[in-house]
Chemist: 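First the structure, then my questions, so here it is.
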There are 2 protein chains.
Amino acid sequence: MARYLPGLQTRDRILESTTWLLARVGLDGTTLAAILDRAKVRSGSFYNLFESKDEVILTVIGEAINAVDPHPDGEGKDTVRELVDAYIEFITGQPTLAQIYLQTAVGGALNDERLAHRFLSHHETRLTRLTDAIRREQKLTKRQARAEAELLLAGLNGLAFHRMLDPDFDVAGRAEELLARR
Amino acid sequence: MARYLPGLQTRDRILESTTWLLARVGLDGTTLAAILDRAKVRSGSFYNLFESKDEVILTVIGEAINAVDPHPDGEGKDTVRELVDAYIEFITGQPTLAQIYLQTAVGGALNDERLAHRFLSHHETRLTRLTDAIRREQKLTKRQARAEAELLLAGLNGLAFHRMLDPDFDVAGRAEELLARR
DNA sequence: CTTGTTTTTGAGTATACGCTCTATTTTGAG
DNA sequence: CTCAAAATAGAGCGTATACTCAAAAACAAG
């Protein structure tokens, strides 16, 4: 494992390279050779730092999944507004990771057991947080709030989806309308 | 090219096999060997019917894209309800194709120029059809109706997206709420 | 049955991929 | 400065993949 500075720097370059490739050419195009080439690293160094190519990819996707969360530690405190804003910020501010996030969800790498489980549990967490936030602001049954949360989250995901097709799409503006209709 | 019956049947088996694989194991897992195995065909026969592996895949994805449209010929006649119902029917009735559709949109095969263009133009068509339908039912400026259509479509895509994660998700029910809020 | 066409077979080819291994250089604590 | 640990280079390996091709079998019209 990396302990000296050069190793850590190399590790970073590899992660950056992989992130870039995943977003640009997809899982398929993210070959080891491409990663190495872009990171200016030879295979020997790579395998001194990572177990496998899969490990890097899963690491990057894992980061993408986590990046969706505003403040993973603070629970039971966030407002609906905060949660929504955090997600919008993620979509517009980190489009690269957002794309990987969506790709993963839609089947890109859900064949990987570990990742699939991680993704689903993350999704569930997000849903319950949103549900709780809604209940704190409105008097609704748990069931109603949950339905509300699902609808809102679906709307947001749809906006992110639309942005994939049209980079100029006004996600924030549409999200505002989405919130206004609740 | 296929001219006798056996050839046509083989062609169908290959398309079915590819469709199944794309939905189950994704683009990555849809190898030629897997296609051949499932279709009970040897490589020679395959290349007697198709130019390449890519051709089959693009054919299948193309079918998925077309399948989203309710009645591609009838233009300027459909109602918002019809368009929405058709899409919901597509999502719930043909989940296999729906998944491929979403995968394609989110980047699965958008590296392919032809397919990317086809997908975008299809998306645009769908959006303007929905926009027109809205204007026929409500007095809105073109701009407003377009925004309305984008929001509605995003919502529907979000529901489809959610269904990928949770197969039991009540798409139709939530879509109803979506429509009720307009 | 004959004959030209279509379909099928499956061994074989080229290539790209992930990964290993050994030798060499670099690093930094004592 | 010394030296063990860490980092790097890069040739090379095994495998999986998409695809080819020549020959054989199945097909259908006359």
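The sequence lines fix the lettering, A, B, ..., with proteins before strands; numbering per chain opens at 1.
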Chemist: Over how many whole Å does the gap from B:R42 atom CZ to C:dT9 atom P extend?
Modeler: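 After rounding, the reported distance stands at 5 Å.
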Chemist: May I ask which nucleotide in the shown strands pairs with D:dC27, Watson-Crick or G-U wobble, both distances under 3.5 Å?
Modeler: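 Partner of D:dC27: C:dG4.
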Chemist: A:R3 side chain N/O closer than 4.0 Å to the phosphate oxygens (OP1, OP2) of D:dA6?
Modeler: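 Answer yes for this pair, as a side-chain N or O of A:R3 is under 4.0 Å from OP1 or OP2.
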Chemist: Residues two or more places apart in sequence or in another chain: which of them pass side-chain contact (heavy atoms from CB on, under 4.5 Å) with B:Q138?
Modeler: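 Partners of B:Q138 under the side-chain contact (heavy atoms from CB on, under 4.5 Å) test: B:I134, B:L140, B:R182.
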Chemist: Can you list every pair that meets salt bridge (Lys or Arg N to Asp or Glu O under 4.0 Å) and has a residue in residues 84-95 of chain B, with sequence neighbours left out?
Modeler: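 Every pair satisfying salt bridge (Lys or Arg N to Asp or Glu O under 4.0 Å) with a residue in residues 84-95 of chain B: B:R81-B:D85.
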Chemist: Would you kindly give the CD1-to-P distance between A:I35 and C:dA16, to the nearest whole Å?
Modeler: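 Answer to the nearest Å: 17 Å.
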Chemist: According to side-chain contact (heavy atoms from CB on, under 4.5 Å), who are the partners of B:A33, at least two apart in sequence or on a separate chain?
Modeler: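 Counting only residues at least two positions away or on another chain, B:A33 forms a side-chain contact (heavy atoms from CB on, under 4.5 Å) with B:T31.
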Chemist: Any cation-pi pair here, A:R42 with A:Y47, using under 6.0 Å and within 45°?
Modeler: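 Judged by the rule, A:R42 and A:Y47 form no cation-pi pair.
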Chemist: Can you tell me the distance, in whole Å, between the CG atom of A:L36 and the P atom of D:dT8?
Modeler: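 Nearest whole value for this atom pair: 12 Å.
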Chemist: Whole Å only: how far is the CG atom of B:N48 from the C1' atom of C:dG10?
Modeler: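 So the two atoms are 15 Å apart, to the nearest Å.
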Chemist: Does anything in residues 30-41 of chain B form a salt bridge (Lys or Arg N to Asp or Glu O under 4.0 Å)? List the pairs, not counting sequence neighbours.
Modeler: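 Counting only pairs at least two positions apart or across chains, no salt bridge (Lys or Arg N to Asp or Glu O under 4.0 Å) contact touches residues 30-41 of chain B.
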Chemist: CG of B:L8 versus P of C:dT7: gap in Å, rounded?
Modeler: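 Nearest whole value for this atom pair: 7 Å.
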Chemist: Classify every nucleotide of nucleotides 17-28 of chain D by which part a protein heavy atom approaches to under 4.0 Å, writing B for the base, S for the sugar-phosphate alone and - for neither, in 5'-to-3' order.
Modeler: SSBBB-----B-
Chemist: Could you give the CD1-to-C1' distance, from A:I57 to C:dG18, as a whole number of Å?
Modeler: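 Nearest whole value for this atom pair: 11 Å.
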Chemist: Please report, rounded to the nearest Å, how far the P atom of D:dA9 is from the NZ atom of A:K40.
Modeler: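 Computing the A:K40:NZ to D:dA9:P distance gives 11 Å.
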Chemist: Grab the CZ-C1' distance between A:F50 and D:dA7 for me, whole Å please.
Modeler: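 Nearest whole value for this atom pair: 14 Å.
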Chemist: Show me the donor-acceptor pairs, under 3.5 Å and distance only, between side chains in residues 142-156 of chain A and residues at least two apart or in other chains.
Modeler:
residue: A:Q144; atom: OE1; partner: A:T141; partner atom: N; Å: 3.1
residue: A:Q144; atom: OE1; partner: A:T141; partner atom: OG1; Å: 3.4
residue: A:R146; atom: NE; partner: A:E150; partner atom: OE2; Å: 3.2
residue: A:R146; atom: NH1; partner: A:E124; partner atom: OE2; Å: 2.9
residue: A:R146; atom: NH2; partner: A:E124; partner atom: OE1; Å: 3.4
residue: A:E148; atom: OE1; partner: B:R181; partner atom: NH2; Å: 3.1
residue: A:E148; atom: OE2; partner: B:R181; partner atom: NH1; Å: 3.2
residue: A:E148; atom: OE2; partner: B:R181; partner atom: NH2; Å: 2.9
residue: A:E150; atom: OE1; partner: B:R174; partner atom: NE; Å: 3.2
residue: A:E150; atom: OE1; partner: B:R174; partner atom: NH2; Å: 2.8

